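Reviewing the structure listed below.
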Amino acid sequence: MNLTFYDSKLRKCANDFKKLQKTYGKIRAKKITQRLGDLLDAESLEDMRHLPGNYHELVGNRKGQWGCDLDGPYRLIFEPHEKPIPEDEDGKYIWVEIKAIEVIEIIDYH
C-alpha cells in the first residue's frame with residue numbers, strides 16, 4: 001500500500017527508529033514500526049482487517065479516519081488518499097478499494 005505522512009516532522013520521525021524511541025519510548029516505537037511495516041506490505045486496507053493491531057474505522061468527528069492500536073490508549077491514526085472514500089450502497093466503506101493512506105498522527109485520543 002502507498003503510505004504518506006501528514007507532515008515532514010512525522011515522516012522523519014517514523015523513518016528514524018532512534019527518533020521514534022526518543023519521542024515515543026521503546027515499546028511504542030516498536031509497535032509503530034511494526035504497524036507501518038504491515039501497512040506498507042498490504043495491497044489494500046482489507047489486508048489489515050485481521051492482523052494484530054485492531055484496525056478500525058473511527059466515528060463522530062473522526063469519521064473517515066482509521067485507527068490501529070499501539071500500546072495502552074495510543075493509536076496510529078490515518079485516512080485514505082481516495083476521495084471520496086469508496087462506499088457500498090449501504091454507506092459502508094469498502095476496505096479492499098483503499099490502496100493508499102496518509103498517516104495523520106500518533107495520539108491518545110481517549
Side-chain angles (χ1 to χ4, degrees):
M1 187 170 356
N2 183 27
L3 185 70
T4 60
F5 293 88
Y6 178 73
D7 61 25
S8 62
K9 181 180 176 185
L10 183 58
R11 178 181 45 81
K12 287 176 184 174
C13 186
N15 289 308
D16 182 337
F17 191 73
K18 285 185 181 182
K19 281 186 184 180
L20 272 177
Q21 278 187 305
K22 185 176 180 180
T23 305
Y24 296 105
K26 186 175 184 177
I27 293 170
R28 193 167 308 133
K30 284 183 178 183
K31 290 287 186 182
I32 293 166
T33 302
Q34 179 183 1
R35 301 293 183 251
L36 292 175
D38 289 345
L39 286 162
L40 279 170
D41 290 342
E43 288 187 34
S44 74
L45 195 53
E46 181 67 25
D47 296 340
M48 307 310 296
R49 195 179 286 267
H50 303 291
L51 288 180
N54 184 30
Y55 291 81
H56 55 282
E57 298 171 22
L58 302 180
V59 296
N61 64 343
R62 288 190 175 266
K63 183 166 175 55
Q65 297 178 346
W66 272 253
C68 67
D69 299 350
L70 295 172
D71 67 310
Y74 281 84
R75 304 291 183 264
L76 177 73
I77 308 299
F78 57 91
E79 61 186 27
H81 281 212
E82 289 81 4
K83 302 289 184 217
I85 301 171
E87 295 181 349
D88 65 14
E89 59 276 353
D90 296 324
K92 294 182 180 178
Y93 294 132
I94 305 172
W95 287 41
V96 73
E97 292 185 17
I98 298 171
K99 304 208 183 267
I101 62 161
E102 179 172 74
V103 177
I104 299 170
E105 60 187 339
I106 297 163
I107 190 169
D108 169 7
Y109 60 76
H110 294 97

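As the structure is a computational prediction, the values presented were derived from the model and not from experiment. Basis for what follows: all heavy atoms, side chains included, without hydrogens, waters or symmetry-related copies.
- Hydrophobic clustering, with ILVMFWY side chains joined whenever heavy atoms are under 4.5 angstrom apart, keeps Ile107 apart from Tyr6.
- Considering CG of Asn2 and NE2 of His81, their distance stands at 5.5 Å, rounded to 0.5 Å.
- The backbone N or O of Pro80 lies less than 3.5 Å from a partner atom in the side chain of Lys83, making a donor-acceptor pair.
- A continuous path of ILVMFWY side-chain contacts below 4.5 Å connects Leu10 to Leu40, so both sit in one hydrophobic cluster.
- Within the structure, every pair that satisfies the salt bridge (Lys or Arg N to Asp or Glu O under 4.0 Å) test and touches residues 95-110, not counting sequence neighbours, is listed here: Arg62-Glu105.
- When the side chains of ILVMFWY residues are joined at heavy-atom separations under 4.5 Å, either directly or via intervening members, Val103 and Leu51 end up in a single hydrophobic cluster.
- You'll find the side chain of Ile98 stays beyond 4.5 Å of the side chain of Phe78, heavy atoms only.
- Thr23 OG1 to Asp16 CG: the interatomic distance, rounded to the nearest 0.5 Å, is 9.0 Å.
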ask   = Step by step, would you call Tyr93 with Lys63 a side chain to side chain contact (heavy atoms under 4.5 Å, CB included)?
value = CA-CA 11 Å; Tyr93 294 132; Lys63 183 166 175 55; 3.5 Å; yes
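- Among pairs with a residue in residues 31-56, those fulfilling salt bridge (Lys or Arg N to Asp or Glu O under 4.0 Å) read Glu46-Arg49, at least two apart in sequence or across chains.
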task = Under the side chain to side chain contact (heavy atoms under 4.5 Å, CB included) rule, what do His56 and Arg75 come out as? Steps first, then yes or no, please.
result = CA-CA 10 Å; His56 55 282; Arg75 304 291 183 264; 4.3 Å; yes
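- A distance of 3.5 Å separates CD1 in Ile106 from CD1 in Ile32, rounded to the nearest 0.5 Å.
- Atom CD1 of Ile101 sits about 11.5 Å away from atom OG of Ser44, to the nearest 0.5 Å.
- The two atoms that bring Ala42 and Met48 nearest to each other are CB-SD, 3.6 Å, heavy atoms only.
- Transitive grouping of hydrophobic side chains (ILVMFWY, heavy atoms separated by less than 4.5 Å) brings Leu70 and Phe5 into a common cluster.
- For the atom pair CE (Met1) and CG (Leu39), the distance works out to 5.0 Å, reported to the nearest 0.5 Å.
- With hydrogens and angles ignored, the 3.5 Å screen pairs no side-chain donor or acceptor of Asp90 with any backbone N or O of Lys92.
- Atoms CD and CD1, on Gln65 and Ile85 in that order, are 9.0 Å from each other to the nearest 0.5 Å.
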task = Test side chain to side chain contact (heavy atoms under 4.5 Å, CB included) on Leu76 and Leu36 and set out the steps.
result = CA-CA 9 Å; Leu76 177 73; Leu36 292 175; 4.0 Å; yes
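- Within 6.0 Å of the CD1 atom in Ile94, the count of heavy atoms belonging to other residues, nucleotides or ligands exceeds 12.
- Linking Ile, Leu, Val, Met, Phe, Trp and Tyr residues whenever their side-chain heavy atoms come within less than 4.5 Å leaves Val59 and Trp66 in two separate clusters.
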query = Between Cys13 and Tyr24, does a side chain to side chain contact (heavy atoms under 4.5 Å, CB included) hold up when you go through it step by step?
reply = CA-CA 10 Å; Cys13 186; Tyr24 296 105; 4.0 Å; yes
request  = Report the C-alpha distance between Trp95 and Tyr55 in whole Å, list the side-chain angles of each, state the deciding distance to 0.1 Å, and finish with yes or no for ring pair (Phe, Tyr, Trp, His ring centres under 6.0 Å).
outcome  = CA-CA 11 Å; Trp95 287 41; Tyr55 291 81; 7.9 Å; no
